[in-house]
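Residue numbers count from 1 along this sequence.
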Amino acid sequence: MLNLIDEHSRECLMIRSERRWSSAKVIEALADVMVMKGVPEHLRSDNGPEFVAKGLRKWLAGAGAKTAYIEPGSPWENGYCESFNSKLRDEFLNGELFYSMKEIRVLAERWRVHYNTVRPHSSLGYRPPAPEAWVAKSLGCGEVETATRFPLLHTPDCDYLSIKIAALH
């Protein structure tokens, strides 16, 4: 699972599951988020091969984002993502069995929306990170189901996004 966290708001911008990750898949996933949220000043990640690949570094430089790699064996340097991964495992992964990639993608997106809009965060005064950005709007003919999954565009208020690939062991 590739997880992307906004370090300022603590919002989870993306959870994407793949059987294996390459730098090309990481670029594709990051491009999807950057189209919606804008290009961050920095992208913090570990030194995994998919993150230090020349193609990814060249693409990030072209997009205007700098890399902020953490030291090997120092997960505390990417604390926001590590904390998120712990909650993801405790609250979601440990309680599920997945029979297909489609199933994990659907359920992970549902959990991500819950994490961003309902779940209280102690670091944010026990408020969710993005409730106002995710409020469903009614168009006069009932609730818009996808409003909570596809919010209005906005640019990030932060300088750093944290990214991490978490293994599903």
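Every residue two or more places apart in sequence or in another chain that forms a side-chain hydrogen bond (donor to acceptor under 3.5 Å, both in side chains) with Ser83 is listed here: Lys87. For Lys66, the side-chain contact (heavy atoms from CB on, under 4.5 Å) partners two or more places apart in sequence, or in a different chain, are His42. In this view, Ile27 and Leu56, Trp59 satisfy the side-chain contact (heavy atoms from CB on, under 4.5 Å) rule, not counting sequence neighbours. With sequence neighbours excluded, the residues satisfying side-chain contact (heavy atoms from CB on, under 4.5 Å) with Glu18 are Arg16, Trp21, Lys25, Arg105. Shown here are the side-chain contact (heavy atoms from CB on, under 4.5 Å) partners of Ser86, two or more places apart in sequence or in another chain: Asp90.
The closest donor-acceptor contact from the side chain of Asn116 to the backbone of Cys12 lies under 3.5 Å.
The two atoms that bring Arg10 and Tyr115 nearest to each other are O-CE2, 3.6 Å, heavy atoms only. Heavy atoms only, all atoms of each residue included: Ser23 and Ala53 are closest at CB-CB, 3.5 Å. Heavy atoms only, all atoms of each residue included: Phe84 and Ile15 are closest at CZ-CD1, 3.8 Å. The shortest non-hydrogen separation linking Val39 to Ala63 is CG1-O, 3.4 Å.
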Inset, instruction - Show the numbers, then the answer: is there a side-chain contact (heavy atoms from CB on, under 4.5 Å) between Arg119 and Glu91? - result: CA-CA 11 Å; Arg119 187 189 178 282; Glu91 297 173 14; 2.9 Å; yes
Inset, instruction - Report the C-alpha separation of Leu60 and Met34 in whole Å, then their side-chain angles, then the decisive distance to 0.1 Å, and conclude whether the side-chain contact (heavy atoms from CB on, under 4.5 Å) test is met. - result: CA-CA 11 Å; Leu60 284 171; Met34 288 181 187; 3.9 Å; yes
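The distance from atom CG of Leu4 to atom CD of Glu11, rounded to the nearest 0.5 Å, is 10.0 Å. Rounding to the nearest 0.5 Å gives a distance of 12.5 Å between CE of Met14 and CG of Asp6. Note that CZ of Arg112 is 9.5 Å distant from OG1 of Thr117, once rounded to the nearest 0.5 Å.
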When the side chains of residues 92-101 are checked against the rest of the protein, which donor-acceptor pairs come out under 3.5 Å, sequence neighbours left out?
unit_1	atom_1	unit_2	atom_2	d
Asn94	ND2	Arg89	O	3.4
Ser100	OG	Glu103	N	3.0

